[in-house]
Amino acid sequence: QVQLVESGGGLVQPGGSLRLSCAASGSIFSIYDMGWYRQAPGKQRELVTTITSAGSTNYADFVKGRFTISRDNAKNTVYLQMNSLNPDDTAVYYCNADLTYGSSRSFQRYWGQGTQVTVSS
């Protein structure tokens with residue numbers, strides 16, 4: 001059994017910052033790419049950023065220069081530092097991890113449960 005548990009969401013004023021965390025646990029063998037997606041009300045889920053196990057990153061244009069993804073491989077945790085937040089960033093943020101697990105080394109993408117980020121004055 002593998003779980004991804006997110007934390008760090010909440011209400012923040014425009015221009016403020018938040019840091020999201022996502023910890024993977026369970027019978028994990030290896031974690032490859034990790035990432036963050038978001039889904040705003042009435043919109044499709046969209047990619048925010050990804051990071052490989054070696055630390056290479058990719059960002060959506062709408063967060064470049066404002067958000068930073070990082071990971072701690074020893075803790076199986078990925079982070080999302082969000083700065084200069086604006087109301088358009090309001091969404092449920094989901095983390096994911098591509099990993100192998102169990103004695104059979106099965107490969108699967110797992111998702112967190114989502115954490116709400118609301119940017120409002």
If you look at every heavy atom in [X] and [Y], which pair is closest and at what distance?
X	Y	answer
G112	Y94	O-CD2, 3.7 Å
A97	L4	N-CD2, 3.7 Å
S84	S17	N-OG, 4.4 Å
I51	I69	CG2-CD1, 3.5 Å
A91	Q39	CB-O, 3.4 Å
Y79	S21	CD2-OG, 3.3 Å

- Go through the steps for L85 and F67 under the test side-chain contact (heavy atoms from CB on, under 4.5 Å), then give the verdict. CA-CA 9 Å; L85 286 161; F67 291 10; 3.7 Å; yes
- Check: V2 and Q108 side chains under 4.5 Å, non-hydrogen atoms: no
- State, with a plain yes or no, whether a side-chain heavy atom of L11 is found less than 4.5 Å away from one of S120. yes
Which value, rounded to the nearest 0.5 Å, describes the distance between [X] atom [atom1] and [Y] atom [atom2]?
X	Y	atom1	atom2	answer
L18	T115	CG	OG1	8.5 Å
R19	T68	CZ	OG1	10.5 Å
N96	E6	CG	CD	9.5 Å
T100	R105	OG1	CZ	7.0 Å
R71	C95	CZ	SG	11.5 Å
N86	F62	CG	CZ	10.5 Å

- Message: For T90, is there any backbone N or O sitting under 3.5 Å from a side-chain donor or acceptor partner on T118?
- Response: no
- Item | ring-ring contact (aromatic ring centres under 6.0 Å, His included) partners of Y37, counting only residues at least two apart | W111
- Evaluate the criterion side-chain contact (heavy atoms from CB on, under 4.5 Å) for residue pair L20 and V117; output intermediate values, then yes/no. CA-CA 9 Å; L20 306 182; V117 172; 4.1 Å; yes
- Query: Any chain of hydrophobic side-chain contacts (each under 4.5 Å) joining V92 to Y110?
  - Reply: no
Which side-chain N or O atoms in residues 25-32 pair as donor and acceptor under 3.5 Å with protein atoms at least two apart or in another chain?
none

- Distance-only side-chain donor-acceptor flag, S106 / S104, under 3.5 Å: yes
- Query: Is there any side-chain hydrogen bond (donor to acceptor under 3.5 Å, both in side chains) pair reaching into residues 46-58, and which pairs are they, with sequence neighbours excluded?
  - Reply: R38-E46
- Message: Counting neighbours of CD on Q3 that are heavy atoms of other residues, nucleotides or ligands and sit closer than 6.0 Å, is the number greater than 12?
- Response: no
